[in-house]
Amino acid sequence: MRQRIVALVETALQAAATAEELVSSPFPAVIIGTPANPEHGDFSCNIAMQLAKGERKAPRQVAEIIIRLIGSNTGLLSKCEIAGPGFINFYVAPAAWQQTLLEIEAEGETFGRTSRGSGKKVQVEFVSANPTGPLHIGHGRGAAIGDSICRLLQATGWDVTREFYYNDAGQQISNLALSVQARCLGIEPDDLRWPTDGYQGEYIKDVARSYLAKETVDSDDRHVTALGDPDDLDDIRNFAVACLRREQDQDLKAFDVHFDVFTLESSLYSEGRVEAVVRLLVENGHAYEQDGALWLRTTEFGDDKDRVMRKSDGGYTYFVPDIAYHLGKWERGFTRVVNEQGSDHHSTIIRVRAGLQALNRGIPKGWPEYVLHQMVTVLRGGEEVKISKRAGSYVTLRDLIDEVGRDAVRFFFIMRKPDSQLVFDIDLAKEQSPDNPVYYVQYAHARICSIFENARDKGFTASERPLPSAITVLETPEELQLIKLLSALPDTVDDSAQNFEPHRLTYYLTELAGCFHSFYNKNRVISEDADLTQARLYLLKRTAQTLKNALTILGISAPERM
RNA sequence: GGGCGGUUAGCUCAGUUGGAUAGAGUACAGGCCUCCGAAGCCUGGGGUCGCGGGUUCGAAUCCCGCAUCGCCCGCCA
């Protein structure tokens, strides 16, 4: 609907330019807003105020020209008038609103989807947890946001590749192996022989037990059998990483989050990609030796100090494989890449981008794009749960899903914009009360389904497509309000996807559910008036479909009963 | 000291990319089920949009400065 209004205005502007009534072409993009006050119509346009200066005319005078050229014979509008300082307000005819229901029905499960990214590829990397422990609540937020972004991009036509990067090399993995080894030898965390920075969680004991029992880890792409030798640190490392990767796979499966590609940091070393990147950086003259280490001159690309690439002990720092990894993404043809990660890693952005620029491969400066989410704090029993991976005290994603339910966890994690910190109150999320917005939304869907059952018992069906004339009886304020909101789904999906902000869709859902509940309380659906009953059932069928489509885009179920 | 993010109703948060009288949930006060699911609806009070400048027809939104909270600033990842 918004697009139709845009087209009306653009056509009028063209006509004005042709007739030389307006001279300031090319005109700026036409932006159609929705007034906060319903008395100001369904849509409004501020173009007249923007043009006024260049036209040397009063805004209202410009608006008058545009309105005259829009004309009144489109059938789309019931009214179109100048208001305030020079707004053009559009009042869409009820008949035009009613007919959108037929379009929603025709689009069915695809209603809400757009074609903005059609035919284009995008790669989204998210979660990317180190295989040193089960996924915790912070990874959960990343998983929920990342997965929702993928679904939103798919809903707007993009061909999405979901990717998970495993840091299975480096210091943390050594600590993991040493921790498991210590447990194999019966060493406790308070023992003097306990490794520095060792992981103390209970799950380390489980891994050690499995290792000593010579168990086999079976997962999609890996089958690792433990030798059971506490002195073989390499074997312990392989086994532990396999164990924890399997563990994380299961966590993600429980959350209904799936990936297309898993890249292992270790593979970047074994394939020589890390060495190749370093060589290229040296050849391009962006590196230098100092204090026995090899440095990258990241200050040439906006960093506040240069960074070590190869430590004096010969090992590489984490961001070197990161650069190699991202070069690989570029070479795979992804001209658009989005990385979703915790904001505590934001300092990597400038380093990775600097490294990519230093490679001189024609990679754009702002590539890849980033979505950073802020910290999650956990409340249980009104008290904050301190998260410490090493001490092993934290809420795992799996526990949370088991306790709260997958739908509620997903909804909670995405209902605030990624930029704001999130307080996850476990007790509140567990409550099946109206405080919990996911229940409010799902309840609306279940309630509609229940009405259909009731209608079926009374001999009504909502299946057949009505004649356009049959739905003109839908004219109460609540009915029209509901229809207007239904037709706003595609715009909402588009906005959410473009801004990587899934929370916009959760707000839409809450508003739509509320709109339905208001309608329900004031308008009886099943009545003696058979024609009206049919029309209202038809409206509710579209409402249920819209709720379900939007929920599906967020990976949340639309139950028919609760 | 530097970087990123936050600051809007008692509390938790939105704010359609600069628009008209700043919204929702919760909490509080009151009302609505002989009737399709009350996990619901309706009404009411509640605000210096952190502070101060600037930009313009118009600012919660953009620019500058300040305050404050969180995260980061390692030859850890």
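To find a chain, count down the sequence lines: A is the first, B the second, and so on, and within it residues start at 1.
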Does a nitrogen or oxygen in the side chain of [X] sit under 4.0 Å from OP1 or OP2 of [N]?
X: Tyr440(A); N: rC41(B); result: yes
X: Arg524(A); N: rC36(B); result: no
X: Ser347(A); N: rC72(B); result: no
X: Tyr520(A); N: rA38(B); result: yes
X: Lys417(A); N: rG15(B); result: yes
X: Lys522(A); N: rC32(B); result: no
X: Ser518(A); N: rC42(B); result: yes
X: Lys305(A); N: rG74(B); result: yes
X: Ser420(A); N: rA14(B); result: yes

Just compare [options] and give me whichever is closest to any side-chain atom of [X].
X: Thr34(A); options: rA77(B), rU16(B), rG37(B); result: rU16(B)
X: Tyr318(A); options: rU16(B), rA77(B), rC75(B); result: rA77(B)
X: Phe87(A); options: rA20(B), rA38(B), rC76(B); result: rA20(B)
X: Tyr507(A); options: rA77(B), rA14(B), rC41(B); result: rA14(B)
X: Asn521(A); options: rG40(B), rA77(B), rA14(B); result: rG40(B)

Taking any strand in view, what nucleotide pairs with [N] in a Watson-Crick or G-U wobble way, both distances under 3.5 Å?
N: rC71(B); answer: rG3(B)
N: rG52(B); answer: rC64(B)
N: rG44(B); answer: rC28(B)
N: rA38(B); answer: none
N: rC13(B); answer: rG23(B)

* In terms of base orientation, is rC42(B) syn or anti, with the syn window spanning 90° either side of 0? ->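 The base of rC42(B) is oriented anti (glycosidic angle more than 90° from 0).
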
Measure the distance from [atom1] on [X] to [atom2] on [N] and round it to the nearest whole Å.
X: Asp457(A); N: rG37(B); atom1: CG; atom2: P; result: 10 Å
X: Phe516(A); N: rC36(B); atom1: CZ; atom2: P; result: 13 Å
X: Asn523(A); N: rC42(B); atom1: CG; atom2: P; result: 12 Å
X: Gln341(A); N: rG5(B); atom1: CD; atom2: P; result: 14 Å
X: Arg416(A); N: rU8(B); atom1: CZ; atom2: C1'; result: 15 Å
X: Ile350(A); N: rC4(B); atom1: CD1; atom2: P; result: 9 Å
X: Leu379(A); N: rC13(B); atom1: CG; atom2: P; result: 10 Å
X: Arg447(A); N: rC33(B); atom1: CZ; atom2: P; result: 15 Å

* To do: Could you pick out which residue, Asp344(A) or Ile31(A), lies toward the 5' side of RNA chain B when each is mapped onto its nearest nucleotide?
  =>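 Upstream on the strand: Ile31(A).
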
* Hey, which of these two, Ile526(A) or Gly292(A), hits RNA chain B nearer its 5' end, going by closest nucleotide? ->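 Closer to the 5' end of RNA chain B: Ile526(A).
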
Could you tell me whether the side chain of [X] has a donor or acceptor atom within less than 3.5 Å of a complementary atom in the base of [N]?
X: Tyr439(A); N: rA39(B); result: no
X: His346(A); N: rG5(B); result: no
X: His503(A); N: rA14(B); result: no
X: Asn89(A); N: rA20(B); result: yes
X: Asn46(A); N: rG19(B); result: yes
X: Ser312(A); N: rC75(B); result: yes

* Glu501(A) bridged to Arg504(A) by N-O distance under 4.0 Å ->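 Yes, this pair counts.
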
* To do: Answer yes if the ring centres of Tyr443(A) and His517(A) are under 6.0 angstrom apart, and no otherwise.
  =>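 Yes, ring centres under 6.0 Å apart.
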
* Are Phe424(A) and Phe413(A) close enough that their ring centers fall under 6.0 Å? ->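 Between Phe424(A) and Phe413(A), the centre distance is under 6.0 Å.
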
Under 6.0 Å from the six-membered ring centre of [Y] and within 45° of its axis: does the NZ or CZ of [X] meet both?
X: Lys541(A); Y: Phe452(A); value: yes
X: Arg353(A); Y: Phe301(A); value: no
X: Arg542(A); Y: Tyr538(A); value: yes

Once you apply a heavy-atom cut-off of 4.0 Å, does [X] come out as touching a base, just sugar-phosphate, or nothing?
X: Met415(A); answer: nothing
X: Ser44(A); answer: base
X: Ala446(A); answer: base

* Geometric class of the Phe164(A)/Phe262(A) ring pair [parallel <30°, tilted 30-60°, perpendicular >60°] ->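 Because their plane-to-plane angle lies in the 30° to 60° range, the rings of Phe262(A) and Phe164(A) count as tilted.
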
* Verify whether one side chain among Gln374(A) and Asp419(A) offers a donor that lies under 3.5 Å from an acceptor in the other. =>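 Asp419(A) and Gln374(A) do not have a side-chain donor-acceptor pair below 3.5 Å.
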
